[in-house]
K.L.:
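Below you'll find the structure I mean.
Along the sequence shown, the residues carry numbers beginning at 1.
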Amino acid sequence: MRLRPPRRRQGIRSLRGKLTLANVALLAIGIVAATAVSVMGMRYYLLDQIDSQLIKTRDSLGGSQLTLREIDSLSMLSFVRDRLIPTHADEERSAGTVFAAVDGRGEPIGILGFDPSESQRDLAKAAGDPRALAADSEPHDVTLDGSTYRATAARLGDGTYALLAAPTDVLHRGVAKAVKLDLAIGSLLLALLACLTMFSVRRRMRPLEDMVETSSAIAEGDLTRRIPSSCGTTLEVEQLRVALNSMLHQVESAYRTRERSAAQLRSFVADASHELRTPLSAIRGYLQLYDKGMLSDPDERKRAWARVLAETDRMGRLVDELLTLARLDQQPELRFRNVDLSRLVRDAAEDLRVQQPDRPVEVAAEGSLLVRADESGLRQVLGNLVGNVRTHTPADVPVRLEVEREDGVVRLCVADEGPGLSADDAARVFDRFFRVGGGAGSGLGLAIVQGVVRAHGGEVAVRTAPGEGLAVTVTLPVRACAGQ
């Protein structure tokens, strides 16, 4: 036998509907409670008025110690004739209060020679024991001809009892009308509240709908979408909007950074593969010639071996530079200490003079200029800048090395008077594997310079133009410098 999965209850699932239902339910409970309290208070007040009137009349009769005969003799009074001794039930009903005289056993007694009326007999029968009724401080509820009354009794001077009953039908009808009026007004208020709540919740929840729409657009690939600001939003919703927009900005930035890093990595791998392919191809070619015995002449073998060593050195330098860039990308910890930058500049100039004696070298680095930096990193920066001049300019082109401290920063400048670069080439001079006109070198020297300088928290810039030479300026921030 296949069991059917339990069916889920189909209830109100939207937050708008739940909030509306909750508000209407709370107001309904409040209306019911207020109606109940008001009805009970009104009934108690009106009933207390009736009871007070009956007790006042009963106390007057009981305190006067009148006998039934004395009441007969005073029958000429309009109160006794018209109010206490009506002869017909209709007159008694119209008068409101019903009066009856009974003996100690509760049997009705005639007054002024009139036999007890039907309503007086009903009152005597409904009242029961007149002594208990007279002894009780509060009137009792009795029913006469289907109508409710409040009844009490007073003991007269001759031992007889006077029964007094006031109708409460008017009270109940008034209470019923009040309940109906309260329910009608309450229903109107509930309907009005439901409409206002739906409108208000729809307006307040518009930012949440914008969040859903924005999330859907982002899921479809539009990372530039943001949640717009709305007028009259609550503080919590506005805080959520700001937090989500901040998160979306971070997500977009991370995604763009990842895409850019992936593109750079693909370009880097492609360029590295291309650069390594050339020396490997040359080495493989010479080894194949040697393996096939085609290098029989000693001079040819010597030249081939020299070429293999040169390509091997070239490949080794390229691999070392790639490793340096990879370490810089990982933001390694630098060994900061006090370094005399002027001494490093003078050493780099001396090395250049040794390598190219015919090149005019000018140095502006007198005295001592201490900076807080990684010495090996700065030596590599100077070596690459000087090596770039040595590789890409004629041997007789002057070069100037200058270092100075100004406005809380340290500037190192290496400038030559070579052919210079165009604006397009200058914009790409720090790109990896970029070589002007396909010239010599690996194209990683200035990229390494930029990486080392940024690791120190500094900046590097170039100033060049065709025929005006090239000047590379390295700026280290003041926080990296030690006090002089």
Side-chain angles (χ1 to χ4, degrees), residues 8-23 194-272 322 324-334 424 426-434 446-462 475-480:
R8 296 182 179 179
R9 294 183 178 179
Q10 298 295 329
I12 298 177
R13 302 183 62 182
S14 67
L15 182 59
R16 186 186 302 113
K18 290 182 178 180
L19 290 176
T20 302
L21 182 61
N23 285 347
C195 296
L196 293 178
T197 302
M198 288 290 290
F199 175 77
S200 177
V201 171
R202 178 184 293 273
R203 180 169 173 268
R204 298 294 182 183
M205 292 185 64
R206 179 60 187 172
L208 299 181
E209 296 176 357
D210 293 338
M211 293 177 190
V212 174
E213 182 179 353
T214 302
S215 300
S216 301
I218 292 175
E220 294 175 358
D222 185 6
L223 298 180
T224 61
R225 288 289 296 273
R226 295 294 182 269
I227 302 171
S229 178
S230 301
C231 298
T233 58
T234 59
L235 176 62
E236 293 77 8
V237 174
E238 182 64 17
Q239 290 176 342
L240 178 61
R241 185 190 71 83
V242 173
L244 286 179
N245 280 342
S246 300
M247 182 191 70
L248 293 176
H249 178 72
Q250 295 294 333
V251 170
E252 182 185 7
S253 299
Y255 180 80
R256 301 301 182 194
T257 301
R258 188 187 69 175
E259 290 294 317
R260 184 168 56 254
S261 300
Q264 292 177 350
L265 179 60
R266 288 191 296 268
S267 176
F268 180 78
V269 171
D271 293 338
L322 292 175
T324 300
L325 288 173
R327 294 191 186 99
L328 291 174
D329 290 340
Q330 295 176 359
Q331 298 180 352
E333 292 186 8
L334 302 178
D424 294 337
R428 299 185 55 197
V429 73
F430 294 109
D431 292 348
R432 298 177 181 183
F433 297 107
F434 174 73
L446 290 181
I448 293 176
V449 170
Q450 187 182 54
V452 173
V453 172
R454 286 183 175 177
H456 282 76
E459 297 178 353
V460 58
V462 296
T475 303
L476 298 178
V478 66
R479 62 181 179 84

K.L.:
Quick one: pull up CE in Met247 and CG in Leu240 and give me the separation to the nearest 0.5 Å.
P.N.:
9.0 Å
K.L.:
Does the side chain of Thr214 come within less than 4.5 Å of Leu248's, by heavy atoms?
P.N.:
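Yes, side chains in contact.
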K.L.:
Identify the two heavy atoms, one from Ala426 and one from Val462, that lie closest to each other, and give their separation to 0.1 Å.
P.N.:
O-CG2, 4.2 Å
K.L.:
Apply side-chain contact (heavy atoms from CB on, under 4.5 Å) to Leu196 and list each qualifying residue two or more places apart in sequence or on a separate chain.
P.N.:
Leu192
K.L.:
In Å and rounded to the nearest 0.5 Å, what is the OG1 to NE2 distance from Thr475 to His456?
P.N.:
13.5 Å
K.L.:
Would you mind reporting whether Glu213 and Arg225 have side-chain heavy atoms less than 4.5 Å apart?
P.N.:
yes
K.L.:
Counting C-beta onward and ignoring hydrogens, is there a side-chain heavy-atom pair between His249 and Arg226 closer than 4.5 Å?
P.N.:
yes
K.L.:
Working to the nearest 0.5 Å, report the span between CZ of Arg241 and OG of Ser246.
P.N.:
9.0 Å
K.L.:
Name all residues meeting the side-chain contact (heavy atoms from CB on, under 4.5 Å) criterion together with Phe199; count only those two or more places apart in sequence or in a different chain, and write none if there are none.
P.N.:
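By the side-chain contact (heavy atoms from CB on, under 4.5 Å) rule, Phe199 matches no residue at all.
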K.L.:
Quick one: NZ on Lys18 to OG1 on Thr20, what's the gap to the nearest 0.5 Å?
P.N.:
12.5 Å
K.L.:
Write down the atom of Thr224, the atom of Asp222, and the distance for their closest heavy-atom approach.
P.N.:
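Smallest interatomic distance, heavy atoms only, reads OG1-OD1, 2.6 Å.
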